[in-house]
Amino acid sequence: MDGIHDLGGQIGYNALGHTRDEAVFKDRWEATVFAMVQACARAGAYQNIDQFRHAVERINPQAYLDHGYYGRWLGAVETLLVEAGILTTNEITERAHALGASPNDLIAARPSQGANPATGYPAPRKPATEVAAFKTGDPVQTTQDSPLGHTRLPGYARDKPGLITACQGLWPYPDLRAHGYGAQHQHLYTVTFNSLELGFTEAFELNLDLFEPYLSAAEAIK
Amino acid sequence: MTDHTTPQSLRTEAIEALLIEKNLLTTEDIDTVLTTFSEQVGPMNGAKLVARAWTDEAFKTRLLEDATTIIQEYGFEGGQVDKLVVKACTESVHHVVVCTLCSCYPWAVLGLPPRWYKDPGYRSRIVREPRTVLKEMGLTLPDTTNIKVWDSSAEIRYLVLPLRPAGTEALDETALAELITRDTMIGVAAIEPLL
């Protein structure tokens, strides 16, 4: 899906905030969130990493930028717990207020009110193939398709020419696994792009690991 | 660790309390996370692999061919690595790793990712202007060096094998491992020569 999480190539986020050393967890609540993610998995609130990633992608976009990594995970945890029926937004909010939280706080979680994201999105674009469609050295074109649901083709690499530089075998297909279709597998490839073909001005090589349904055969790049 | 409250810490506390009441979480679970990722998992694991690759050519060949088997042999904990691929820097090629869609990172060999790796600045810019970004981070590469960026968009994780610095010929594996920082294995720093 298009969203705030798809940051590659975006303009406007200049500060790198680089530090050579820092505490693994800045505050105890960050470690608590980490443990709650594990607890969510044990409780069956999500089945796989793709469902979790998709829950992060669906949080409030302002919170995505402002709340930091563990704030994003917190939003995903709450989203998943509410969607799974384990907790309700109201009981969480009441408890938070009792602990001193303000009614004006921005809440990251955005649990789905309608169709369940685990089942409510359109089905596969292409069925899995037994035999890999591409081999190392093949020129390919990435799809311009931007699905409503979870996908792992970054926006900056949509509808771009690249070259298959490694065949990585069959892997669970995130676009389906994130939405409860089970572990259908698809062939995965390392695809190498020339940065200038991606529309960037610095010259370098960029590599992505992309699933077969994102790719179609192309004419060789000059 | 600091101990001030924020909207996020309070909401975490609320969910924590509710999950504990439902027997879905314990405070021991949280202590385990703190201990595991503060003490047992971290860049020291990746540094062991790099130092050995610098001193053992046969190991380096295996590491570049099949790092996944090697980390299984070492038994590193921390998860998050179904397949590990190691990319070796040379005098003419520099590798750097990112995850633009979330924050994928090779936990088993580097521990949990630093804040800057997960924040919008690095994720948006390193795939657009890596030479400029690396320079801002303190790594100025010669114009002749080819940069290869690895955006971790599936379950394969990448580790950079940095160049062994000059002046380290007399050092053994343990001493070498101490020179190897997290940043050099992400590819945003090089190791200074020892003079």
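Quick caveat, the model's predicted, so the values are computed rather than measured. Protein chains get the first letters and strands the later ones, always in sequence-line order, with residue 1 at the start of each.
By the 4.5 Å heavy-atom criterion applied to side chains, A/D209 and B/W150 are not counted as neighbours. A/F25 places a side-chain heavy atom less than 4.5 Å from the side chain of B/L112. The closest side-chain heavy-atom distance from B/Q8 to A/W29 is below 4.5 Å. Put simply, the side chain of B/I30 reaches to within 4.5 Å of the side chain of A/R28, judged on heavy atoms. Within the 4.5 Å cutoff, no side-chain heavy atoms of A/H67 are placed close to those of B/T6. Contact check for A/E78 versus B/I15: side-chain heavy atoms found under the 4.5 Å cut-off. The closest side-chain heavy-atom distance from B/V149 to A/F204 is below 4.5 Å. Proximity of B/L25 to A/Q38: side-chain heavy atoms (C-beta onward) are nowhere separated by under 4.5 Å.
Of the atoms belonging to A/T190, it is side-chain heavy atoms, and not backbone ones, that fall under 4.5 Å from chain B. A/E94 does not touch chain B: none of its heavy atoms, backbone or side chain, sits under 4.5 Å away. With a 4.5 Å cut-off on non-hydrogen atoms, A/S195 does not touch chain B at all. Looking at A/L188, only its side chain comes within 4.5 Å of chain B, counting heavy atoms on both sides. For A/L198, no part sits under 4.5 Å from any heavy atom of chain B, backbone or side chain. At a 4.5 Å heavy-atom cutoff, the contact between A/V33 and chain B is made by backbone and side-chain atoms alike. Heavy atoms closer than 4.5 Å to chain A are found nowhere in B/Y117, neither backbone nor side chain. If you measure heavy-atom distances from A/F193 to chain B, you find no contacts under 4.5 Å at all. Interface residue A/A15: only backbone heavy atoms are found under 4.5 Å from chain B. Contact of A/P154 with chain B is made through backbone and side chain together, with heavy-atom distances under 4.5 Å. At a 4.5 Å heavy-atom cutoff, the contact between B/V133 and chain A is made by backbone and side-chain atoms alike. Heavy atoms closer than 4.5 Å to chain B are found in the side chain of A/L81, but not in its backbone.
B/R123 contributes no side-chain N or O that, together with a main-chain N or O of A/L7, makes up a donor-acceptor pair within less than 3.5 Å. Under the 3.5 Å distance criterion, the side-chain polar atoms of A/R95 are left unmatched by any main-chain donor or acceptor of B/A14. The main-chain N or O of B/R131 is found under 3.5 Å from a side-chain atom of A/E202 such that the two form a donor-acceptor pair. A/D105 contributes no side-chain N or O that, together with a main-chain N or O of B/P7, makes up a donor-acceptor pair within less than 3.5 Å. In terms of modelled atom types and a separation under 3.5 Å, the side chain of B/R182 and the main chain of A/R20 share a donor-acceptor contact. In this structure, B/R115 contributes its side chain and A/G17 its backbone to no donor-acceptor pair below 3.5 Å.
Between the side chains of A/Y69 and B/D119, no donor-acceptor pair is found at a separation under 3.5 Å.
Across all their heavy atoms, B/C104 and A/R53 have their closest contact at SG-NH2, 3.5 Å. Closest of all the heavy-atom pairs between A/R152 and B/S152 is NH2-O, 3.6 Å. The shortest non-hydrogen separation linking A/L74 to B/R11 is CD2-CB, 4.2 Å. Considering every non-hydrogen atom in both A/W171 and B/E155, the closest pair reads CZ3-CB, 3.5 Å.
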Salt bridge (Lys or Arg N to Asp or Glu O under 4.0 Å), that's the test. Do B/K118 and A/E30 meet it? Break it down for me. CA-CA 14 Å; B/K118 303 174 286 198; A/E30 297 185 335; over 6 Å; no
Kindly determine whether A/V56 and B/C102 satisfy side chain to side chain contact (heavy atoms under 4.5 Å, CB included), including the steps that lead there. CA-CA 9 Å; A/V56 175; B/C102 45; over 6 Å; no
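Across A/V77, A/T201, A/L65, A/I86, the residue that shares the most heavy-atom pairs under 4.5 angstrom with chain B is A/I86. Your options are B/A17, B/S153, B/P113, and the one with the most heavy-atom pairs under 4.5 Å with chain A is B/S153. Annotation: maximal heavy-atom pairing with chain A below 4.5 Å, among B/L101, B/D31, B/L10, occurs at B/L101. Listed options A/V24, A/L206, A/L16 were ranked by heavy-atom pairs under 4.5 angstrom with chain B; first place goes to A/L16. For chain B, the option among A/D6, A/T32, A/L106 with the highest count of heavy-atom pairs below 4.5 Å is A/T32. For the set B/D29, B/I156, B/L24, the entry with the most heavy-atom pairs within less than 4.5 Å of chain A is B/I156.
Within 6.0 Å of CD on B/E169 lie more than 12 heavy atoms contributed by other residues, nucleotides or ligands. Within a 6.0 Å sphere centred on CD of B/E73, other residues, nucleotides and ligands contribute more than 12 heavy atoms.
Separation of the A/Y13 and B/W116 ring centroids does not fall under the 6.0 Å cut-off.
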